[in-house]
Amino acid sequence: MRAQDEAAIVACIPGLRRYARGLVSDSARADDLVQDTLERAWSRFSLWQKRGDIRAWMFGIMHNHFIDGVRARSRRPEDSAGDDLPDIPQRASQSDGIEIRDLDRALQRLPVEQREVMLLVAVEEMSYAEAATALGVPIGTVMSRLARGRDRLRQELQGRAPSIQAAAPLRRIK
Amino acid sequence: MDHPPLKPIASEGRKPVTEADLHAYADQLLDPARHVEIDAFLDAHPAERERVADWRAQNLALKRMLDPVLSEPLPLRLPLKPAPRAGWQEWPWRSLAAGVAIAVVSTGSAWWGRGVYDGQLQRSATLAAAKAGTLHGFAHRAAVAHVVYSPDVRRPVEVGADQEQALVTWLTKRMGTEVKPPDLRALGYGLIGGRLLPGDKGPVAQFMFGGAKGERLTLYVTREDAGRETAFKFGQDGPVNVFYWVDKDFGYAISSGDGKQEMLRVAEAVYSQLEARK
(Lines give C-alpha, C1' and ligand atoms only; values in the text may rest on other atoms or scores of the structure.)
Protein backbone atom coordinates (compact mmCIF):
# COMPACT_ATOMS: atom_id res chain seq x y z
CA MET A 1 0.00 0.00 0.00
CA ARG A 2 1.48 3.34 -1.00
CA ALA A 3 2.06 5.96 1.65
CA GLN A 4 -0.02 8.49 -0.27
CA ASP A 5 -3.05 6.20 -0.30
CA GLU A 6 -2.62 5.53 3.37
CA ALA A 7 -2.39 9.26 3.93
CA ALA A 8 -5.51 9.89 1.84
CA ILE A 9 -7.47 7.46 4.00
CA VAL A 10 -6.23 9.05 7.22
CA ALA A 11 -7.14 12.47 5.83
CA CYS A 12 -10.77 11.31 5.48
CA ILE A 13 -11.11 10.46 9.18
CA PRO A 14 -12.19 13.83 10.59
CA GLY A 15 -14.86 14.14 7.89
CA LEU A 16 -16.03 10.57 8.48
CA ARG A 17 -16.37 11.30 12.19
CA ARG A 18 -18.39 14.42 11.48
CA TYR A 19 -20.64 12.52 9.08
CA ALA A 20 -21.12 9.64 11.54
CA ARG A 21 -22.05 12.10 14.29
CA GLY A 22 -24.72 13.53 12.04
CA LEU A 23 -26.02 10.06 11.21
CA VAL A 24 -26.38 8.70 14.71
CA SER A 25 -25.98 11.64 17.10
CA ASP A 26 -24.52 9.58 19.94
CA SER A 27 -20.76 10.07 19.90
CA ALA A 28 -19.79 6.57 21.06
CA ARG A 29 -22.01 4.95 18.45
CA ALA A 30 -20.71 7.35 15.82
CA ASP A 31 -17.13 6.33 16.57
CA ASP A 32 -18.12 2.66 16.46
CA LEU A 33 -19.24 3.37 12.93
CA VAL A 34 -15.98 5.14 12.09
CA GLN A 35 -13.93 2.35 13.60
CA ASP A 36 -15.77 -0.33 11.62
CA THR A 37 -15.44 1.75 8.46
CA LEU A 38 -11.70 2.14 8.91
CA GLU A 39 -11.20 -1.53 9.65
CA ARG A 40 -13.06 -2.41 6.49
CA ALA A 41 -11.19 0.19 4.47
CA TRP A 42 -7.78 -1.02 5.60
CA SER A 43 -8.60 -4.66 4.95
CA ARG A 44 -10.29 -4.05 1.61
CA PHE A 45 -7.94 -1.48 0.26
CA SER A 46 -6.42 -3.94 -2.17
CA LEU A 47 -9.85 -4.34 -3.77
CA TRP A 48 -10.23 -0.66 -4.43
CA GLN A 49 -7.73 -0.30 -7.27
CA LYS A 50 -8.24 3.38 -7.99
CA ARG A 51 -11.72 3.10 -9.39
CA GLY A 52 -12.46 6.60 -8.27
CA ASP A 53 -12.25 9.18 -5.60
CA ILE A 54 -10.96 7.77 -2.32
CA ARG A 55 -13.26 10.01 -0.28
CA ALA A 56 -16.39 8.75 -2.03
CA TRP A 57 -15.09 5.21 -1.56
CA MET A 58 -14.61 5.71 2.20
CA PHE A 59 -18.02 7.34 2.64
CA GLY A 60 -19.48 4.51 0.60
CA ILE A 61 -18.07 1.98 3.04
CA MET A 62 -19.58 3.91 5.93
CA HIS A 63 -22.93 4.09 4.13
CA ASN A 64 -23.02 0.32 3.58
CA HIS A 65 -22.06 -0.36 7.15
CA PHE A 66 -24.58 2.11 8.52
CA ILE A 67 -27.41 0.71 6.40
CA ASP A 68 -26.52 -2.84 7.47
CA GLY A 69 -26.82 -1.70 11.08
CA VAL A 70 -30.13 0.06 10.49
CA ARG A 71 -31.55 -3.06 8.83
CA ALA A 72 -30.29 -5.33 11.58
CA ARG A 73 -31.87 -3.14 14.24
CA SER A 74 -35.16 -2.79 12.44
CA ARG A 75 -35.46 -6.61 12.30
CA ARG A 76 -35.42 -6.76 16.07
CA PRO A 77 -38.97 -6.43 17.40
CA GLU A 78 -38.22 -3.81 20.06
CA ASP A 79 -36.84 -1.53 17.39
CA SER A 80 -39.38 -2.33 14.73
CA ALA A 81 -40.48 1.27 14.48
CA GLY A 82 -37.13 1.81 12.81
CA ASP A 83 -36.16 5.32 12.05
CA ASP A 84 -39.42 6.94 12.85
CA LEU A 85 -38.47 6.73 16.49
CA PRO A 86 -35.05 8.24 16.79
CA ASP A 87 -32.60 7.31 19.49
CA ILE A 88 -32.52 9.85 22.25
CA PRO A 89 -29.99 12.36 21.01
CA GLN A 90 -27.01 12.21 23.32
CA ARG A 91 -25.56 15.32 21.82
CA ALA A 92 -28.01 17.65 23.47
CA SER A 93 -27.29 18.80 26.96
CA GLN A 94 -28.39 21.69 29.08
CA SER A 95 -25.60 23.88 27.82
CA ASP A 96 -26.67 23.44 24.22
CA GLY A 97 -29.17 25.89 22.93
CA ILE A 98 -32.73 24.79 22.36
CA GLU A 99 -32.15 25.38 18.64
CA ILE A 100 -29.36 22.86 18.38
CA ARG A 101 -31.40 20.27 20.24
CA ASP A 102 -34.30 20.85 17.90
CA LEU A 103 -32.08 20.68 14.85
CA ASP A 104 -30.44 17.47 16.00
CA ARG A 105 -33.79 15.92 16.81
CA ALA A 106 -35.25 16.98 13.48
CA LEU A 107 -32.21 15.56 11.69
CA GLN A 108 -32.51 12.24 13.51
CA ARG A 109 -36.20 12.11 12.57
CA LEU A 110 -35.43 12.25 8.86
CA PRO A 111 -35.57 8.90 7.07
CA VAL A 112 -32.01 7.56 6.90
CA GLU A 113 -31.65 7.96 3.14
CA GLN A 114 -32.64 11.63 3.34
CA ARG A 115 -30.40 12.21 6.35
CA GLU A 116 -27.45 10.73 4.48
CA VAL A 117 -27.90 12.93 1.43
CA MET A 118 -28.48 16.06 3.50
CA LEU A 119 -25.28 15.48 5.45
CA LEU A 120 -23.12 14.62 2.43
CA VAL A 121 -24.26 17.68 0.52
CA ALA A 122 -24.76 20.28 3.25
CA VAL A 123 -21.99 19.35 5.67
CA GLU A 124 -19.42 17.36 3.69
CA GLU A 125 -19.99 19.68 0.71
CA MET A 126 -19.97 16.87 -1.80
CA SER A 127 -21.19 17.45 -5.34
CA TYR A 128 -24.35 15.55 -6.24
CA ALA A 129 -22.29 13.20 -8.39
CA GLU A 130 -19.90 12.48 -5.53
CA ALA A 131 -22.79 11.83 -3.14
CA ALA A 132 -24.34 9.53 -5.76
CA THR A 133 -21.09 7.56 -5.97
CA ALA A 134 -20.79 7.27 -2.21
CA LEU A 135 -24.38 6.07 -1.83
CA GLY A 136 -24.42 3.89 -4.93
CA VAL A 137 -27.56 5.52 -6.40
CA PRO A 138 -28.23 7.64 -9.50
CA ILE A 139 -27.89 11.43 -9.25
CA GLY A 140 -31.64 11.83 -9.76
CA THR A 141 -32.22 9.81 -6.61
CA VAL A 142 -29.78 12.02 -4.70
CA MET A 143 -31.71 15.09 -5.91
CA SER A 144 -35.12 13.81 -4.94
CA ARG A 145 -33.91 12.68 -1.49
CA LEU A 146 -32.28 16.05 -1.00
CA ALA A 147 -35.47 17.88 -1.97
CA ARG A 148 -37.60 15.74 0.31
CA GLY A 149 -35.12 15.99 3.16
CA ARG A 150 -35.01 19.76 2.90
CA ASP A 151 -38.79 20.07 2.80
CA ARG A 152 -39.17 17.80 5.75
CA LEU A 153 -36.51 19.54 7.80
CA ARG A 154 -38.17 22.82 7.00
CA GLN A 155 -41.51 21.54 8.24
CA GLU A 156 -39.93 20.08 11.37
CA LEU A 157 -38.30 23.36 12.22
CA GLN A 158 -41.19 25.55 11.21
CA GLY A 159 -41.68 28.44 13.52
CA ARG A 160 -38.05 28.22 14.44
CA ALA A 161 -36.64 28.88 11.03
CA PRO A 162 -35.02 32.21 11.92
CA SER A 163 -33.38 30.85 15.04
CA ILE A 164 -31.57 27.92 13.43
CA GLN A 165 -29.20 30.50 12.03
CA ALA A 166 -28.10 31.23 15.54
CA ALA A 167 -27.46 27.61 16.49
CA ALA A 168 -24.50 27.42 18.80
CA PRO A 169 -21.66 25.05 17.96
CA LEU A 170 -21.77 21.56 19.35
CA ARG A 171 -20.36 21.31 22.81
CA ARG A 172 -16.99 19.64 22.90
CA ILE A 173 -17.03 16.18 24.31
CA LYS A 174 -14.24 15.77 26.77
CA MET B 1 -44.07 15.22 -2.51
CA ASP B 2 -44.77 18.88 -2.89
CA HIS B 3 -42.00 19.77 -5.30
CA PRO B 4 -41.00 17.24 -7.93
CA PRO B 5 -37.29 18.00 -8.26
CA LEU B 6 -36.85 17.92 -11.99
CA LYS B 7 -40.03 19.55 -13.20
CA PRO B 8 -39.40 22.79 -15.09
CA ILE B 9 -40.94 25.66 -13.16
CA ALA B 10 -40.25 28.49 -15.61
CA SER B 11 -39.03 28.81 -19.13
CA GLU B 12 -38.91 32.47 -20.16
CA GLY B 13 -37.30 31.65 -23.47
CA ARG B 14 -34.03 30.38 -22.01
CA LYS B 15 -33.02 27.04 -20.62
CA PRO B 16 -35.83 26.31 -18.17
CA VAL B 17 -35.11 26.66 -14.49
CA THR B 18 -35.56 23.38 -12.63
CA GLU B 19 -35.86 22.49 -8.99
CA ALA B 20 -32.46 20.86 -9.42
CA ASP B 21 -31.04 24.27 -10.39
CA LEU B 22 -32.44 25.82 -7.24
CA HIS B 23 -30.84 23.16 -5.06
CA ALA B 24 -27.54 23.49 -6.88
CA TYR B 25 -27.80 27.26 -6.42
CA ALA B 26 -28.30 26.83 -2.68
CA ASP B 27 -25.32 24.47 -2.53
CA GLN B 28 -23.16 26.74 -4.69
CA LEU B 29 -22.58 24.02 -7.24
CA LEU B 30 -23.60 25.95 -10.38
CA ASP B 31 -21.16 27.34 -12.89
CA PRO B 32 -20.96 31.14 -12.75
CA ALA B 33 -23.10 31.77 -15.86
CA ARG B 34 -25.93 29.59 -14.64
CA HIS B 35 -25.61 31.02 -11.16
CA VAL B 36 -26.30 34.50 -12.57
CA GLU B 37 -29.33 33.22 -14.50
CA ILE B 38 -30.80 31.57 -11.41
CA ASP B 39 -30.08 34.68 -9.41
CA ALA B 40 -32.15 36.70 -11.87
CA PHE B 41 -34.92 34.12 -11.72
CA LEU B 42 -34.99 34.30 -7.93
CA ASP B 43 -35.18 38.08 -8.04
CA ALA B 44 -38.41 37.69 -9.97
CA HIS B 45 -39.73 34.91 -7.71
CA PRO B 46 -39.48 35.97 -4.07
CA ALA B 47 -41.20 32.87 -2.75
CA GLU B 48 -38.58 30.65 -4.40
CA ARG B 49 -35.85 32.97 -3.15
CA GLU B 50 -37.12 32.50 0.38
CA ARG B 51 -37.17 28.72 -0.01
CA VAL B 52 -33.60 28.70 -1.30
CA ALA B 53 -32.48 30.99 1.53
CA ASP B 54 -34.05 28.56 3.94
CA TRP B 55 -32.10 25.63 2.47
CA ARG B 56 -28.92 27.62 2.82
CA ALA B 57 -29.74 28.36 6.43
CA GLN B 58 -30.22 24.61 6.95
CA ASN B 59 -26.81 23.89 5.44
CA LEU B 60 -25.22 26.48 7.64
CA ALA B 61 -26.95 25.33 10.80
CA LEU B 62 -26.01 21.68 10.17
CA LYS B 63 -22.42 22.64 9.55
CA ARG B 64 -22.26 24.74 12.69
CA MET B 65 -23.69 21.91 14.71
CA LEU B 66 -21.30 19.28 13.37
CA ASP B 67 -18.09 21.13 12.47
CA PRO B 68 -16.68 21.07 16.00
CA VAL B 69 -16.27 17.29 15.58
CA LEU B 70 -13.45 18.03 13.14
CA SER B 71 -11.24 19.53 15.80
CA GLU B 72 -11.72 16.80 18.38
CA PRO B 73 -8.66 14.61 18.90
CA LEU B 74 -9.12 11.23 17.23
CA PRO B 75 -10.05 8.50 19.72
CA LEU B 76 -7.33 5.92 20.33
CA ARG B 77 -9.43 3.04 19.08
CA LEU B 78 -9.51 4.26 15.49
CA PRO B 79 -6.99 2.31 13.42
CA LEU B 80 -4.74 4.78 11.59
CA LYS B 81 -2.93 2.18 9.53
CA PRO B 82 -3.58 -1.29 8.17
CA ALA B 83 -3.50 -4.12 10.71
CA PRO B 84 -0.27 -6.09 10.39
CA ARG B 85 -0.74 -9.01 8.05
CA ALA B 86 -0.72 -12.44 9.58
CA GLY B 87 1.77 -13.62 6.99
CA TRP B 88 4.24 -10.83 7.59
CA GLN B 89 6.55 -12.88 9.81
CA GLU B 90 6.95 -15.42 7.06
CA TRP B 91 8.89 -12.87 5.03
CA PRO B 92 11.95 -12.13 7.11
CA TRP B 93 13.93 -10.70 4.21
CA ARG B 94 11.52 -7.81 3.94
CA SER B 95 12.46 -6.34 7.27
CA LEU B 96 16.07 -7.24 6.61
CA ALA B 97 15.97 -5.34 3.36
CA ALA B 98 14.35 -2.37 5.07
CA GLY B 99 17.08 -2.39 7.71
CA VAL B 100 19.79 -2.31 5.07
CA ALA B 101 18.08 0.55 3.27
CA ILE B 102 17.87 2.61 6.46
CA ALA B 103 21.53 1.96 7.21
CA VAL B 104 22.54 3.11 3.74
CA VAL B 105 20.42 6.23 3.95
CA SER B 106 21.66 7.26 7.36
CA THR B 107 25.31 6.80 6.44
CA GLY B 108 24.87 8.80 3.30
CA SER B 109 22.97 11.56 4.99
CA ALA B 110 25.36 11.93 7.91
CA TRP B 111 28.14 12.56 5.46
CA TRP B 112 26.04 14.92 3.39
CA GLY B 113 24.80 16.92 6.34
CA ARG B 114 28.05 17.49 8.18
CA GLY B 115 29.68 20.15 6.09
CA VAL B 116 26.49 21.93 5.15
CA TYR B 117 24.73 22.69 8.40
CA ASP B 118 27.06 22.36 11.35
CA GLY B 119 28.11 25.98 11.36
CA GLN B 120 24.75 27.40 10.51
CA LEU B 121 22.64 25.71 13.10
CA GLN B 122 24.98 24.94 15.97
CA ARG B 123 23.55 21.54 16.25
CA SER B 124 24.23 18.37 14.44
CA ALA B 125 21.97 18.26 11.49
CA THR B 126 21.55 15.39 9.18
CA LEU B 127 19.63 15.31 6.02
CA ALA B 128 17.94 12.10 5.19
CA ALA B 129 17.96 11.85 1.43
CA ALA B 130 14.43 10.58 1.56
CA LYS B 131 12.46 9.25 -1.35
CA ALA B 132 8.71 9.33 -1.75
CA GLY B 133 6.89 7.46 0.97
CA THR B 134 9.63 7.66 3.57
CA LEU B 135 7.85 10.15 5.79
CA HIS B 136 6.63 8.75 9.06
CA GLY B 137 4.73 9.91 12.09
CA PHE B 138 4.03 13.59 12.38
CA ALA B 139 6.08 14.50 9.28
CA HIS B 140 3.81 12.28 7.27
CA ARG B 141 0.68 13.82 8.80
CA ALA B 142 2.10 17.27 8.15
CA ALA B 143 2.51 16.44 4.46
CA VAL B 144 -1.07 15.16 4.32
CA ALA B 145 -2.40 18.26 6.05
CA HIS B 146 -0.45 20.40 3.62
CA VAL B 147 -1.94 18.59 0.64
CA VAL B 148 -5.43 18.77 2.07
CA TYR B 149 -5.55 22.43 3.07
CA SER B 150 -3.07 24.40 0.99
CA PRO B 151 -5.02 24.13 -2.30
CA ASP B 152 -8.25 25.12 -0.55
CA VAL B 153 -9.17 28.49 -1.99
CA ARG B 154 -12.33 29.04 0.00
CA ARG B 155 -11.10 28.07 3.43
CA PRO B 156 -7.36 27.48 3.62
CA VAL B 157 -7.39 28.42 7.31
CA GLU B 158 -9.87 28.54 10.17
CA VAL B 159 -8.63 31.82 11.58
CA GLY B 160 -7.05 34.38 9.29
CA ALA B 161 -3.94 36.47 9.81
CA ASP B 162 -6.13 39.54 10.30
CA GLN B 163 -6.98 38.05 13.68
CA GLU B 164 -3.47 36.94 14.55
CA GLN B 165 -3.80 37.66 18.27
CA ALA B 166 -7.03 35.70 18.47
CA LEU B 167 -5.35 32.89 16.56
CA VAL B 168 -2.44 32.78 19.01
CA THR B 169 -4.75 32.87 22.02
CA TRP B 170 -6.94 30.13 20.63
CA LEU B 171 -4.13 27.79 19.60
CA THR B 172 -2.25 28.43 22.84
CA LYS B 173 -5.32 27.49 24.83
CA ARG B 174 -6.00 24.36 22.84
CA MET B 175 -2.39 23.19 22.66
CA GLY B 176 -1.80 23.93 26.33
CA THR B 177 1.33 25.95 25.68
CA GLU B 178 2.29 29.08 23.84
CA VAL B 179 2.04 28.57 20.10
CA LYS B 180 2.91 31.52 17.90
CA PRO B 181 3.53 31.72 14.18
CA PRO B 182 7.03 32.74 13.12
CA ASP B 183 7.49 35.91 11.09
CA LEU B 184 8.61 34.91 7.60
CA ARG B 185 8.00 38.22 5.82
CA ALA B 186 11.73 38.78 5.39
CA LEU B 187 11.78 35.59 3.33
CA GLY B 188 8.82 36.66 1.23
CA TYR B 189 6.08 34.64 2.97
CA GLY B 190 3.11 36.34 4.57
CA LEU B 191 0.96 34.68 7.22
CA ILE B 192 -2.42 33.55 5.87
CA GLY B 193 -3.66 32.12 9.14
CA GLY B 194 -3.91 28.88 11.02
CA ARG B 195 -6.07 25.99 12.02
CA LEU B 196 -6.27 23.24 14.60
CA LEU B 197 -6.11 19.63 13.47
CA PRO B 198 -6.43 16.26 15.14
CA GLY B 199 -3.02 14.69 15.63
CA ASP B 200 -1.72 11.42 16.93
CA LYS B 201 -1.71 12.44 20.59
CA GLY B 202 -3.86 15.54 20.64
CA PRO B 203 -4.45 18.78 18.84
CA VAL B 204 -1.97 20.01 16.29
CA ALA B 205 -1.52 23.56 14.98
CA GLN B 206 -1.05 24.32 11.32
CA PHE B 207 0.07 27.76 10.16
CA MET B 208 -0.19 28.68 6.52
CA PHE B 209 1.97 31.17 4.69
CA GLY B 210 1.70 32.47 1.15
CA GLY B 211 4.48 33.60 -1.18
CA ALA B 212 4.41 36.22 -3.90
CA LYS B 213 3.73 33.69 -6.65
CA GLY B 214 0.82 32.15 -4.80
CA GLU B 215 2.89 29.28 -3.45
CA ARG B 216 1.82 27.94 -0.09
CA LEU B 217 3.93 26.85 2.80
CA THR B 218 2.66 25.27 6.01
CA LEU B 219 4.21 24.90 9.44
CA TYR B 220 2.86 22.02 11.49
CA VAL B 221 3.44 22.10 15.25
CA THR B 222 2.70 19.03 17.33
CA ARG B 223 3.43 17.87 20.85
CA GLU B 224 5.99 15.10 20.90
CA ASP B 225 7.44 13.02 23.71
CA ALA B 226 9.42 15.09 26.18
CA GLY B 227 13.16 14.99 25.91
CA ARG B 228 13.40 13.66 22.41
CA GLU B 229 15.40 15.73 20.04
CA THR B 230 16.26 15.03 16.47
CA ALA B 231 18.28 16.59 13.75
CA PHE B 232 16.75 18.35 10.81
CA LYS B 233 15.35 15.84 8.42
CA PHE B 234 14.13 16.17 4.92
CA GLY B 235 11.60 14.00 3.18
CA GLN B 236 9.17 13.92 0.30
CA ASP B 237 5.68 12.71 -0.20
CA GLY B 238 4.65 13.06 -3.83
CA PRO B 239 5.01 16.73 -4.78
CA VAL B 240 5.37 17.87 -1.17
CA ASN B 241 8.75 18.44 0.44
CA VAL B 242 8.94 18.38 4.21
CA PHE B 243 11.63 19.61 6.58
CA TYR B 244 11.04 18.36 10.09
CA TRP B 245 12.64 18.13 13.47
CA VAL B 246 11.84 17.57 17.13
CA ASP B 247 12.94 20.08 19.71
CA LYS B 248 12.08 19.78 23.41
CA ASP B 249 8.44 18.72 23.58
CA PHE B 250 7.49 19.71 20.06
CA GLY B 251 7.68 18.38 16.58
CA TYR B 252 7.89 20.88 13.75
CA ALA B 253 7.35 20.20 10.08
CA ILE B 254 7.54 22.66 7.22
CA SER B 255 5.81 21.52 4.06
CA SER B 256 5.86 23.10 0.65
CA GLY B 257 6.14 22.34 -3.02
CA ASP B 258 9.34 24.41 -3.11
CA GLY B 259 12.80 22.99 -3.58
CA LYS B 260 15.09 21.80 -0.85
CA GLN B 261 17.32 24.90 -0.78
CA GLU B 262 14.41 27.30 -0.46
CA MET B 263 12.91 25.20 2.30
CA LEU B 264 16.18 25.02 4.16
CA ARG B 265 16.22 28.82 4.22
CA VAL B 266 12.74 28.81 5.78
CA ALA B 267 13.57 26.02 8.21
CA GLU B 268 16.58 27.93 9.45
CA ALA B 269 14.53 31.09 9.94
CA VAL B 270 11.84 29.21 11.86
CA TYR B 271 14.39 27.41 13.97
CA SER B 272 16.30 30.56 14.88
CA GLN B 273 13.10 32.41 15.81
CA LEU B 274 12.10 29.55 18.08
CA GLU B 275 15.55 29.60 19.67
CA ALA B 276 15.33 33.35 20.20
CA ARG B 277 12.06 32.95 22.11
CA LYS B 278 13.57 30.60 24.66
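Reminder, nothing fancy here: chain letters follow the sequence lines and each chain counts from 1. Model, not experiment: these values are computed from the prediction.
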* Structure fact -> So, the part of A:Val10 with a heavy atom under 4.5 Å from chain B: the answer is side chain
Measure the [atom1]-[atom2] distance between [X] and [Y] for me, rounded to the nearest 0.5 Å.
X	Y	atom1	atom2	value
B:Asp27	A:Tyr128	CG	OH	3.5 Å
B:Trp55	A:Leu153	CH2	CG	12.5 Å
B:Asp67	A:Arg18	CG	CZ	5.0 Å

Close side-chain approach of [X] and [Y], heavy atoms under 4.5 Å:
X	Y	answer
A:Leu119	B:Leu66	yes
A:Met143	B:Glu19	no
A:Ile9	B:Leu80	no
B:Met65	A:Leu107	yes
B:His23	A:Arg150	yes
B:Pro75	A:Gln35	no

* Apply side chain to side chain contact (heavy atoms under 4.5 Å, CB included) to the pair B:Lys63 and A:Glu125, showing each step before the final yes or no. => CA-CA 10 Å; B:Lys63 268 190 83 70; A:Glu125 299 185 342; 3.7 Å; yes
* Under the side chain to side chain contact (heavy atoms under 4.5 Å, CB included) rule, what do B:Glu72 and A:Arg21 come out as? Steps first, then yes or no, please. => CA-CA 12 Å; B:Glu72 290 173 11; A:Arg21 198 76 65 87; 2.8 Å; yes
* Examine whether an atom of B:Ala143 lies under 4.5 Å from a heavy atom of chain A, and if so say whether it belongs to the side chain, the backbone or both; otherwise answer neither. => neither
* Structure fact -> Under 4.5 Å to a heavy atom of chain A? For B:Pro79 that would be both
* Name the member of B:Val147, B:Leu197, B:Val144 that forms the most heavy-atom pairs with chain A at distances under 4.5 Å. => B:Val144
* **Contact leader toward chain A among B:Pro198, B:Ala24, B:Ala26, where contacts are heavy-atom pairs under 4.5 Å** => B:Ala24
* Asked: Got a sec, which residues hit ring pair (Phe, Tyr, Trp, His ring centres under 6.0 Å) with B:Tyr220, two or more places apart in sequence or on another chain?
  -> none
* **ring pair (Phe, Tyr, Trp, His ring centres under 6.0 Å) partners for B:Tyr252, two or more places apart** => B:Trp245
Testing the basics here: between [X] and [Y], what is the closest heavy-atom pair and its distance to 0.1 Å?
X	Y	value
A:Arg17	B:Leu78	CD-CD1, 3.9 Å
B:His140	A:Ala7	NE2-CB, 3.6 Å
A:Gly15	B:Leu70	N-CD2, 3.9 Å

* Would A:Asp32 and B:Arg77 satisfy side chain to side chain contact (heavy atoms under 4.5 Å, CB included), going step by step from the backbone distance to the final call? -> CA-CA 9 Å; A:Asp32 286 346; B:Arg77 60 188 170 121; 2.7 Å; yes
* **A:Val34 vs B:Leu74, side chain to side chain contact (heavy atoms under 4.5 Å, CB included): CA-CA, chis, key distance, verdict** => CA-CA 11 Å; A:Val34 179; B:Leu74 297 183; over 6 Å; no
* To do: Determine, for B:Lys81 against A:Glu6, whether the closest basic-nitrogen to carboxylate-oxygen distance falls under 4.0 angstrom.
  => no
